[in-house]
Amino acid sequence: MPEGHLIHHFADRIRADLGGTEIRATSPQGKFDAGALDGRRLLDVRAAGKHLFYDVEDAPAVHVHLGMRGLFLHHPDPTTPARTGTRLRLANDDAAWDLIAPSACDLLDAAEVARILAKLGPDPLGPDDPAAAVTALRSFRGPVGAALLDQSVWAGVGNAWRAELLFLAHLHPRTPCADLSADQATALWELTRRLMALGRDAGQVVSDPTDPDERWVYRRATCRRCGTAVATAAVAGRTAHWCPAEQDEQVHALPTR
DNA sequence: GTGGCATGGACAT
DNA sequence: TGTCCCTGCCACA
């Protein structure tokens, strides 16, 4: 679940529930020292790609990364007991938000936060910067299927989005980025922004707005559009899914640059 | 009950 | 490229 759209989704919800209020911070699991945050005001909750930051008044920032297995749990009743293994609970009188199994939950100073942000490429759910996004994608040395997972190219895309976006763009995951035309790269960026924004608001991957629970190729046996058996192979170390009938290897079909 | 896999990424090699 | 780490879910005994 935790690709960039969900991180933005949770940042929006947690900000709405807890932002601007004094929070109680605890670590039911005991693996995090919440003392520096407890009783202080939560100023903001920010998402950048797959990273989330809590800005707390007069305290270091909390950097959260869910990795593959982390999750946020919302409790409308803040007295609900936390499940065992809850790394961090932030609560006020109206709600509690629990963080489970993150790959990162650290207190960072401003320089360390800046260092993380500096490594990230344009975020499709951040301010629109098509020129930077297109340049980053087209100058990547490798296939587009690897570029989309590289957070320094675009920040927030994960394996599920990679599969669905490349399907909709008719791009084979092994298409070299150097072969992408500016128009293709721009179209892919715009598609990514549009769908990930729907995904952020819905709290799930949305690759067909008319049927948000469906996928075109990701983890499917057959292509939802044409029925061809979905092909899979590791691209950049993760399983890529594509429709061999609709996503040609573009070795010869070379677009204008 | 067990084992394998996974929507991620850091680090060693 | 391989290894490791955070846990949940599923298929299979």
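These figures come from a predicted structure and were not determined experimentally. In what follows, chains are A, B, ... by sequence order, proteins preceding strands, each numbered from 1.
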How long is the line joining CG of A:Leu165 and C1' of B:dT7, in whole Å? 13 Å
Could you check how far CG of A:Asp150 sits from P of B:dG9, rounded to whole Å? 9 Å
In whole Å, what is the span from the CD1 atom of A:Ile116 to the C1' atom of B:dG8? 14 Å
With sequence neighbours left out, the residues meeting side-chain hydrogen bond (donor to acceptor under 3.5 Å, both in side chains) with A:Thr192 are none
Salt bridge check, A:Asp128 against A:Arg193: does any charged N sit closer than 4.0 Å to a carboxylate O? yes
Give the rounded distance in Å between these two atoms: CG of A:Leu120 and P of B:dG8. 14 Å
To the side chain of A:Gln151, which of B:dG9, C:dG8, B:dT7 is closest? B:dG9
Taking only the side-chain nitrogens and oxygens of A:Arg238, find out if one of them lies under 4.0 Å from OP1 or OP2 of B:dA6. no
A:Gln29 near the nucleic acid: base, sugar-phosphate alone, or nothing, with a heavy-atom cut-off under 4.0 Å? sugar-phosphate
As a test of reading the structure: which of B:dG8, C:dG8, B:dA6 is closest to the side chain of A:His65, going by heavy atoms? B:dG8
Applying side-chain hydrogen bond (donor to acceptor under 3.5 Å, both in side chains), name anything that partners A:Glu246, two or more places apart in sequence or on another chain. A:Arg225
Please produce a list of atom pairs where a protein N or O lies less than 3.5 Å from an N or O of nucleotides 10-13 of chain B.
none

Rounded to the nearest angstrom, tell me the gap between atom CE in A:Met68 and atom C1' in C:dC9. 13 Å
In short, salt bridge (Lys or Arg N to Asp or Glu O under 4.0 Å) pairs touching residues 41-65 of chain A with sequence neighbours left out are A:Arg15-A:Asp44, A:Arg41-A:Glu57, A:Arg46-A:Asp55
Rounding to the closest angstrom, what is the interatomic distance between B:dC5 and C:dA13 at atom P? 15 Å
Would the A:His241 and A:Trp216 ring centres measure less than 6.0 Å apart? no
Write out all pairs satisfying ring-ring contact (aromatic ring centres under 6.0 Å, His included) with one or both partners inside residues 176-201 of chain A, taking only residues at least two apart or from two chains. A:Trp154-A:Trp189
Separation of B:dT7 C1' from A:Phe72 CZ (nearest whole Å): 15 Å
Rounding to a whole Å, what distance do you find between A:Gln204:CD and B:dT7:C1'? 13 Å
OP1 or OP2 of C:dG8 sitting under 4.0 Å from any side-chain N/O of A:Arg83? yes
Rounded distance in Å between the C1' positions of B:dT7 and C:dT1: 22 Å
Rounding to a whole Å, what distance do you find between A:Lys50:NZ and B:dT7:P? 10 Å
Test of understanding: with side-chain contact (heavy atoms from CB on, under 4.5 Å), list the residues that count as partners of A:Ala245, not counting sequence neighbours. A:Cys226, A:Thr228, A:Cys243
